[in-house]
Amino acid sequence: MSPAERKSHLSEIAPELLAELTETREHSRDLPALEGAENGVVMRFAPNPSGPLHLGHARASILNDYYVRRYGGRYVLRVEDTDPKRVDPEAYAMVLEDVEWLGLGITDIVYQSDRLDIYYDWCRKLIELGGAYVCLCEGERFRELKLKGKACPCRELTVEENLDLWQQMLDGEFYEGDVTVRVKTDLAHPDPAMRDYSAMRIVNAPLHPRVDATVFPLMNFSVAVDDHLLGITHVIRGKDHIANTRRQRYIFDYFGWKPPVYRHYGRMGISGVVLSTSGMREGINSGIYTGWDDIHLGTMRAIARRGIEPEAVRNAMVDIGIGETDISFSWENLYSRNKELVDPKANRYFFVPDPIEVVVEGAPRHEAHAALHPNDPSRGVRTLVTEGKVLLPRADIEGKSMVRLKDLYNMKIEWDADEPRLSYAGDSLEEARREKAPIIQWLPADAKLPCTLLRQDGSLEGFCEPLVAGEVDNVVQFERIGFARIDSVDNGRVSAYFAHR
RNA sequence: GCUGCUAUAGUGUAGGGGCCAAUCAUGUCGGCCUUUCACGCCGACGACUGGGGUUCAAAUCCCCAUAGCAGCACCA
């Protein structure tokens, strides 16, 4: 039945329902509402300081930021540095820089390493409540028991014994791996991931860069305590945390706290890019990457270096949203978001790759005036002067008998074997069109800058206009090549990073 | 293996019983514009994982299958 047929059929059998059909649903580009957020929210972004921020962090931080902006409230940057093995002292500053670059509306910054006493305190309370015990079992042994749903002997210790052992932990009487504090959950829980997980452990080495301690909370414990103490109302994070959310729930329940509202978005795959911090670090150490801002990486600094703007990242991430489906991140979509930002402001310049230097016979001295931006004449022109000696992209003249140098004049080409002989052929644009002469880029042979355009799939050597030297840190468009950020000019040599077409 | 989550065009997304022979963006292809490219404008292409069920009506609800993903760390 077609929709129209269904409608007429419905009017026969139940005309009173027909009114509902005429109600129009409204479409909105907004992300779904968060329940209980009407009066403001307190949200958090909680990176581990093991390296700079990457696209995975960008999604988490931007999505939370989006809702804080939408509902108003506070946005806590919580640096989760409770594992000395995974803390890179240099990462603290990198995280802060990247947060600033992204333009997140952070209102509070807390470091978990400043809060160890708080965790110790609540750990003691949890033991007193009978919600946790000190476990002396070897890890592998406990795992076996857990998978069978059996308790280990430590689970039967009295509160007093547990408190005593806990004090010994704090006093440094144990070494790494000897002991852990476990949250008492449910050994019969159908999901083995829920059974008596660890809340506290000892790390003797390496030393923590910020704090003199050996007892550290595990993520599930510190996160639950902090979310409550900091008054976090809503949490948006990846679905790899779904099990953690359930584990943290036990702590909220033991203390009678009200947990935040959670949303878990699906996994985001990024083709061709290593996203794990450890993987990137390995690549840097082994020389595959030049550093954290290597153009092959998905870090914020690599993306920034290529001239992609934070607003583009934000738009791309909000566009992706908080769906629970696994998705693959699309560079195309990010590039398109960036292009709409950058196209209106990027100045245009010639870039001649694989150049051939030629003399155009009979060419008069000419001044070419090319617009800096085709849609914005007020920005002015670049003036290129030539006496007849020019640089051309080899590929653009090969096999051609006539071309037009853009904004300059027409040129005839005669081929003597592989050697082109070029001669001036008038200024008429109409004639060039009539002859279907391609319009190509060029540079005066005596006014040019060598330029390396670094791209992910190999760099492109060529020459560009001298004015490009004044565009350091800006995004320009090399006509016919694409957008690029001018990274530096050293001794008259330009280094540019390719963004996208 | 156990536990859980998810399934709409190449990619991302909207739609949560009737407005849906399915939205928007991106992409690709064509055209217009343009002193190449880009931008802009016009057009085309392209999807409800499969099978059952409920219902007058299913992309939408239920069941099964399949696939993907996550967790089962003294990482976050």
Side-chain angles (χ1 to χ4, degrees), chain A residues 1-3 5-7 9-10 12-14 17-18 20-25 27-29 46-48 50 80-83 85-86 135 138-139 142-143 146-147 176-182 189-195 197-203 216 218-220 222-223 237-244 246-247 264 266-267 269 271 277-278 315-316 319-321 323-337 339-340 342-344 346 348 350 368 370-371 373-375 396 403-408 429 432-433 437-441 477-483 501:
Chain A
M1 234 190 287
S2 75
E5 287 167 335
R6 282 204 308 255
K7 194 179 268 184
H9 185 51
L10 180 65
E12 288 167 26
I13 59 169
L17 293 179
L18 212 51
E20 290 177 23
L21 282 181
T22 59
E23 288 170 22
T24 312
R25 284 187 214 124
H27 288 211
S28 110
R29 298 251 64 79
N48 172 261
S50 55
E80 306 214 328
D81 55 348
T82 55
D83 182 2
K85 295 190 197 310
R86 291 188 38 158
C135 178
E138 202 207 324
F142 180 83
R143 205 180 94 83
K146 176 187 73 177
L147 287 176
E176 190 168 329
D178 291 347
V179 65
T180 183
V181 176
R182 293 188 183 283
H189 197 289
D191 184 352
M194 289 305 119
R195 300 170 189 165
Y197 62 88
S198 279
M200 286 282 178
R201 51 54 159 102
I202 292 171
V203 181
F216 292 91
L218 273 317
M219 175 261 197
N220 281 305
S222 48
V223 163
R237 54 180 177 180
K239 73 177 186 181
D240 45 322
H241 285 295
I242 289 177
N244 290 325
R246 284 195 275 261
R247 285 193 271 228
H264 297 100
R267 188 196 138 84
S271 71
T277 301
S278 57
N315 292 343
D319 191 39
I320 285 170
E324 292 172 71
T325 326
D326 300 329
I327 58 153
S328 54
F329 174 82
S330 158
W331 289 102
E332 273 175 357
N333 288 339
L334 175 62
Y335 293 159
S336 137
R337 294 279 166 255
K339 201 195 277 187
E340 68 192 19
V342 130
D343 184 81
R348 271 55 173 172
F350 289 152
H373 196 291
N375 300 346
D396 283 350
V403 298
R404 178 179 179 80
L405 306 192
K406 191 178 180 234
D407 301 304
L408 195 64
L429 178 59
R433 283 186 170 145
I439 301 174
I440 67 169
Q441 296 183 76
Q477 188 195 44
F478 285 135
E479 298 194 32
R480 230 164 150 226
I481 307 275
F483 294 91
R501 279 199 61 85

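Proteins get letters first, then strands, A, B, ... in listed order; numbering begins at 1 in each. Just so it is clear, the values below take in all heavy atoms, side chains as well, and ignore hydrogens, waters and symmetry mates. Here the structure is a predicted model, which means the values were calculated and not measured.
In the interface, the side chain of A/Asn375 is paired with the base of B/C39 through a donor and an acceptor atom under 3.5 Å apart. A donor-acceptor contact under 3.5 Å links the side chain of A/Arg348 to the base of B/A38. Under 3.5 Å, the side chain of A/Glu332 and the base of B/G12 form no donor-acceptor pair of N or O atoms.
Using atom C1' as the reference point in both B/A70 and B/A76, the two lie 15 Å apart (nearest Å). Taking atom P on both B/C24 and B/G31, the two are 24 Å apart, rounded to the nearest angstrom. Distance check on atom P: B/A7 versus B/U60 gives 11 Å, rounded to whole Å.
No contact: A/Asp396 has no heavy atom under 4.0 Å from any strand. Residue A/Glu80 is classed as a sugar-phosphate contact, given heavy-atom separations below 4.0 Å to backbone atoms only. Among the atoms of the strands shown, only primed sugar atoms or phosphate atoms (P, OP1, OP2) are found under 4.0 Å from some heavy atom of A/Arg267. Within 4.0 Å (heavy atoms only), A/Phe329 reaches no atom of the nucleic acid at all. Residue contacts shown for A/Pro190 are limited to sugar-phosphate atoms, with no base heavy atom under 4.0 Å away. Counting any heavy atom pair closer than 4.0 Å across all strands shown, A/Gly177 reaches a base atom.
When only modelled atom types and interatomic distance are considered, A/Ser198 and A/Thr180 share a side-chain donor-acceptor pair under 3.5 Å.
Straight-line distance from the CG atom of A/Asp319 to the P atom of B/A14: 9 Å, rounded to whole Å.
Against the 90° criterion about 0, the sugar-base torsion of B/G10 places it in the anti range.
Between A/Ser328 and B/G12 there is a side-chain polar atom (N or O) within less than 4.0 angstrom of OP1 or OP2. Contact check, A/Arg201 against B/A76: a side-chain N or O comes under 4.0 Å of OP1 or OP2. Applying the 4.0 Å criterion to OP1 and OP2 of B/C39, one finds that A/Lys339 has a side-chain N or O inside that range. Look at A/Arg143 and you won't find any side-chain N or O under 4.0 angstrom from OP1 or OP2 of B/C72. Listed pair A/Thr82 / B/A76 meets the phosphate criterion, a side-chain N or O lying under 4.0 Å from OP1 or OP2.
Nearest to the side chain of A/Arg247, among B/U6, B/G71, B/C75, sits B/G71. The side chain of A/Ile327 sits closest to B/G12 out of B/G12, B/C74, B/C37. Distance from the side chain of A/Asn333 is smallest to B/U26 among B/A76, B/U26, B/C37.
With a cut-off of 3.5 Å on both Watson-Crick or G-U wobble distances, the partner of B/C20 is given as none.
No side-chain heavy atom of A/Glu324 sits less than 4.5 Å from a side-chain heavy atom of A/Lys239. When side chains are defined from C-beta on, A/Arg267 does not count as touching A/Asp240, because their heavy atoms never get closer than 4.5 Å.
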